[in-house]
Student: 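The following block contains the structure, expressed as structure tokens.
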Amino acid sequence: MKVLVIGGGGREHALVWKLAQSSKNPKIFCAPGNAGMAPQAKCVAIGATDIDGLLQFVKSEKIDLTVVGSEAPLALGIVDLFKKNHCPIFGPQKEAALLESSKVYTKEFCSRVAIPQATYQIFEKSVEAKKYLKTKTFPVVVKADGLAAGKGVTVCQKEQQALQAVEEALVDGRFGEAGKKIVIEDFLKGEEASFIAVCDGNHILPLASAKDHKRLLDGNKGPNTGGMGAISPAPIMNTDLYEKVMEKIMWPAVKGMVTEGNPFIGFLYAGLMIDKGEPKLLEFNVRLGDPEAQAILFRLKTDLVALFESALAGELNEIQLSWETKPAACVVMASKGYPEKVETGFSIKGLEAISKEKDLFVFHAATEKKNRDIVTNGGRVLGVTALGSDFNDALERVYEGVQKISWEGMVYRKDIGR
Ligand code: AMP
Ligand code: GLY
């Protein structure tokens, strides 16, 4: 069979790597892919948002299954387009992808189905938003409605910062259409965890939990990023919390989407804030997390092709996932300047030194091949991932790997999982 993965980051490399282990022996393509995928997949130079180009490729290559890694093509309606053309694809349709592509939709949906979340108000006019801020205690969180490449959320410690975030979105148009509406919500304290499940419309099959590290710098300082490292499982997740997340967040979401005529098929990712054992929803994503996917898929023993086939057949209730009990850790190595302006084109040294180690793997993200070198071509470049007998062991192995790799200006956090 032939499988296409859409995207080119670390998450997509992890998907490709795991699909390549399937007993169904699929021929794997990735669009656009990255320089690390060559042993497992053929990279195709079609952008992840060129959904017409991707459809054409899938038809001409007779691809049996397409898996979408990132949110952008989902928000553009790639699943609707492929379904109309009878091309099997795993992911939510455009209307269901609103759970990620519109924070306004999601806040209102969660209110309708009683999912616990931060108190909020929605604004289109800056005067009203600013008036509301006068009534608040700080911090508050200002969020652009639409997709904003990870830059649409500002945690505002002071009123002045919140006023500026409102002004930038509603007056200056910093996020274009995505910022025409904003959500202002109360700040939630607690510990974050990522809870991701595979959904087939009616059934929920949770993956192992994970914890992301969103801030750029050690000690959870600096700006938010796409994620600088992940561990799986999330240490905070226990049976009691798991059941609460399922009962209060995942089931109301999946049943609510059915009731509202948008059954959810795909990865449903709940970004949680947990305070005193009680989970609240920060956000939904409609895809795997990056770098959570690297840590989670590293522990998955179940055949990933079989999992996708079962989801598309609506039969997730019939399978049980099998997991490596050892924990996994992934440390992201990024380019200088990330998440703002990055410098790229630097040659990466040391990759071959760890290419043969057991239970240690380097997932590529922003890499490309130039002549014989692998060079950086974006923000998050590599995700060094390992299993260990416990978290200390996994982290020791990961950091030993990280230390063997170098390029000019690389940055990484030294306290992932600590
Ligand atoms: P979001 O894209 O909505 O998940 O927001 C990105 C990040 O901002 C989250 O992972 C949190 O670290 C932080 N954040 C978002 N909303 C809140 C909130 N209401 N309270 C505290 N932190 C938040
Ligand atoms: N690591 C967070 C995300 O993928 O949204």
Side-chain angles (χ1 to χ4, degrees), residues 7 9-12 14-15 68-72 74-75 97 99-107 110 115-121 136-157 161-162 165 175 178-179 182-196 207 209-216 220-232 234 249 267-275 279-297 330-332 334 338-339 363 365 379-380 383 413 416:
R11 166 185 47 212
E12 289 75 30
L15 281 165
V68 187
S70 53
E71 64 278 14
L74 296 168
L99 283 179
E100 177 163 0
S101 61
S102 170
K103 293 206 188 278
V104 168
Y105 169 85
T106 304
K107 294 299 292 189
C110 289
I115 289 175
Q117 60 178 343
T119 302
Y120 70 98
Q121 293 262 339
K136 300 304 290 181
T137 48
F138 289 80
V140 300
V141 187
V142 178
K143 300 183 171 185
D145 174 36
L147 297 178
K151 297 198 169 76
V153 173
T154 318
V155 177
C156 309
Q157 300 298 337
Q161 200 187 354
F175 305 108
I182 56 166
V183 173
I184 301 181
E185 68 179 33
D186 290 359
F187 179 81
L188 298 175
K189 59 183 175 48
E191 183 172 338
E192 284 186 56
S194 308
F195 191 100
I196 308 174
L207 301 177
S209 63
K211 180 181 165 66
D212 186 16
H213 297 65
K214 285 215 164 68
R215 302 290 202 96
L216 178 69
N220 288 329
K221 302 218 166 70
N224 262 335
T225 69
M228 295 300 290
I231 54 173
S232 172
I249 294 172
F267 290 108
L268 184 59
Y269 167 140
L272 306 171
M273 188 67 90
I274 295 136
D275 190 27
K280 285 195 173 150
L281 185 82
L282 287 178
E283 63 165 344
F284 277 127
N285 293 317
V286 298
R287 49 167 175 85
L288 281 170
D290 185 343
E292 290 95 322
Q294 291 86 312
I296 292 172
L297 294 176
C330 169
V331 170
V332 169
Y338 176 73
F363 291 112
R380 291 189 293 172
R413 273 181 65 162
I416 299 304

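If you read the sequence from its start, that first residue is 1, and numbering goes on from there. As the structure is a computational prediction, the values presented were derived from the model and not from experiment. Counting starts at 1 for both ligands and their atoms, following the listed order.
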Student: Quick test: of every protein heavy atom, which one is nearest to atom 2 (O) of ligand 1, and how far off is it to 0.1 Å?
Tutor: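 The closest one turns out to be Glu283 OE1, 3.0 Å.
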Student: Do the side chain of Glu100 and the main chain of Phe284 share a donor and acceptor less than 3.5 angstrom apart?
Tutor: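 No; judged by distance alone, with no hydrogens or angles, the pair does not exist.
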Student: Give the numbers and elements of all ligand 1 atoms closer than 4.0 Å to a heavy atom of Phe187.
Tutor: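 The atoms of ligand 1 under 4.0 Å from a heavy atom of Phe187 are 20 (N), 21 (C), 22 (N).
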Student: Return the option from Gly227, Gly271, Gly226 holding the heavy atom at the smallest distance from atom 2 (C) of ligand 2.
Tutor: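 Ranked by closest heavy atom to atom 2 (C) of ligand 2, first place is Gly226.
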Student: Against heavy atoms of Asn285, which atoms of ligand 2 measure under 4.0 Å?
Tutor: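 It comes down to these atoms of ligand 2: 5 (O).
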Student: For atom 13 (C) of ligand 1, find the nearest protein heavy atom and state the residue, atom name and distance (0.1 Å precision).
Tutor: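 Scanning the protein heavy atoms, the shortest distance from atom 13 (C) of ligand 1 goes to Val155 CG2, 4.2 Å.
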Student: Identify the protein heavy atom lying closest to atom 10 (O) of ligand 1, giving its residue, its atom name and the separation to 0.1 Å.
Tutor: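 For atom 10 (O) of ligand 1, the nearest protein heavy atom is Glu192 OE1, 2.8 Å.
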Student: Where do Arg287 and Ile196 land on the side chain to side chain contact (heavy atoms under 4.5 Å, CB included) test, with the steps shown first?
Tutor: CA-CA 8 Å; Arg287 49 167 175 85; Ile196 308 174; over 6 Å; no
Student: Dump the intermediate steps for salt bridge (charged side-chain N to carboxylate O under 4.0 Å, His left out) on Lys214 and Glu192, then the final yes or no.
Tutor: CA-CA 10 Å; Lys214 285 215 164 68; Glu192 284 186 56; 3.7 Å; yes
Student: Would you mind checking which non-hydrogen protein atom is closest to atom 3 (O) of ligand 1, with the distance to 0.1 Å?
Tutor: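 Ranking protein heavy atoms by distance from atom 3 (O) of ligand 1, first comes Lys143 NZ, 2.9 Å.
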Student: What atoms in ligand 1 come closer than 4.0 Å to a heavy atom of Lys103?
Tutor: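 What qualifies from ligand 1 is 1 (P), 2 (O), 3 (O).
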Student: Report yes if some heavy atom in the side chain of Pro116 is under 4.5 Å from a heavy atom in the side chain of Ile249; otherwise report no.
Tutor: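 Result yes, sub-4.5 Å side-chain heavy-atom pair found.
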Student: Does an N or O anywhere in Asp212 fall below 3.5 Å from an N or O of ligand 2?
Tutor: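 Yes.
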Student: Which option out of Lys214, Arg11, Met228, Arg287 puts a heavy atom nearest to atom 3 (C) of ligand 2?
Tutor: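 Comparing heavy atoms across Lys214, Arg11, Met228, Arg287, the nearest one to atom 3 (C) of ligand 2 lies in Arg287.
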Student: Tyr269 heavy atoms, cut-off 4.0 Å: which ligand 2 atoms fall inside?
Tutor: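 By the 4.0 Å cutoff, the relevant atoms are 2 (C), 3 (C).
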Student: With distance as the sole test, does Ser102 use its side chain to make a donor-acceptor pair with the main-chain N or O of Asp145 at under 3.5 Å?
Tutor: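 Here the side-chain-to-backbone pair does not exist.
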Student: Please answer whether the main-chain N or O of Arg11 pairs with a side-chain N or O of Asp290 as donor and acceptor at a distance below 3.5 Å.
Tutor: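 Confirmed, Asp290 side chain pairs with Arg11 backbone.
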Student: Tell me the protein heavy atom at minimum distance from atom 19 (N) of ligand 1, and give that distance in Å.
Tutor: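 Nearest protein contact, heavy atoms only, for atom 19 (N) of ligand 1 is Glu185 OE2, 2.7 Å.
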Student: Quick one: CE on Met228 to CD1 on Ile416, what's the gap to the nearest 0.5 Å?
Tutor: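 Answer rounded to 0.5 Å: 7.0 Å.
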Student: Ligand 1 versus Asn224, non-hydrogen atoms closer than 4.0 Å: side chain, backbone, both, neither?
Tutor: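 It is the side chain that gets close, since no backbone atom is under 4.0 Å.
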Student: Quick one: pull up CZ in Phe195 and CG in Leu207 and give me the separation to the nearest 0.5 Å.
Tutor: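 If we round to the nearest 0.5 Å, Phe195:CZ and Leu207:CG are 9.0 Å apart.
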Student: Atom NZ of residue position Lys280 - does it have more than 12 heavy atoms of other residues, nucleotides or ligands inside 6.0 Å?
Tutor: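 No, not enclosed.
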Student: Using a heavy-atom cut-off of under 4.0 Å, does the side chain or the backbone of Leu282 touch ligand 1, or both, or neither?
Tutor: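 Both of them.
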Student: Any chance the side chains of Tyr269 and Glu292 put a donor and an acceptor closer than 3.5 Å?
Tutor: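 Judged by distance alone, the side chains do pair up.
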Student: Could you tell me, atom by atom, which parts of ligand 1 come under 4.0 Å of a heavy atom of Asp186?
Tutor: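 Once the distances to Asp186 are compared, the set is 18 (C), 19 (N).
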Student: So, Thr154 side chain and Ala165 main chain: donor-acceptor pair closer than 3.5 Å or not?
Tutor: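 Side chain of Thr154 to backbone of Ala165: no pair is present.
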Student: What's the shortest distance from atom 21 (C) of ligand 1 to any protein heavy atom, and which residue and atom give it?
Tutor: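 Here the nearest protein heavy atom works out to Leu188 O, 3.2 Å.
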Student: For Val141, take its heavy atoms, then give the atoms of ligand 1 lying under 4.0 Å from any of them.
Tutor: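 Those qualifying, in numeric order: 16 (N), 17 (C), 18 (C), 19 (N), 20 (N).
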Student: Any idea which part of Glu292 is under 4.0 Å from ligand 2, heavy-atom wise: side chain, backbone, both or neither?
Tutor: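 Contact part for Glu292 vs ligand 2: side chain (C-beta onward).
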Student: Distance check, rounded to the nearest 0.5 Å: Glu185 atom CD versus Lys143 atom NZ?
Tutor: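 That separation rounds to 3.5 Å.
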Student: Output the list of atoms in ligand 1 that are nearer than 4.0 Å to some heavy atom of Lys214, sorted by atom number.
Tutor: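 Near Lys214, meaning under 4.0 Å from one of its heavy atoms, ligand 1 has 10 (O).
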Student: Report yes if some N/O of Gly289 lies less than 3.5 Å from some N/O of ligand 2; otherwise report no.
Tutor: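 By distance alone, the answer is no.
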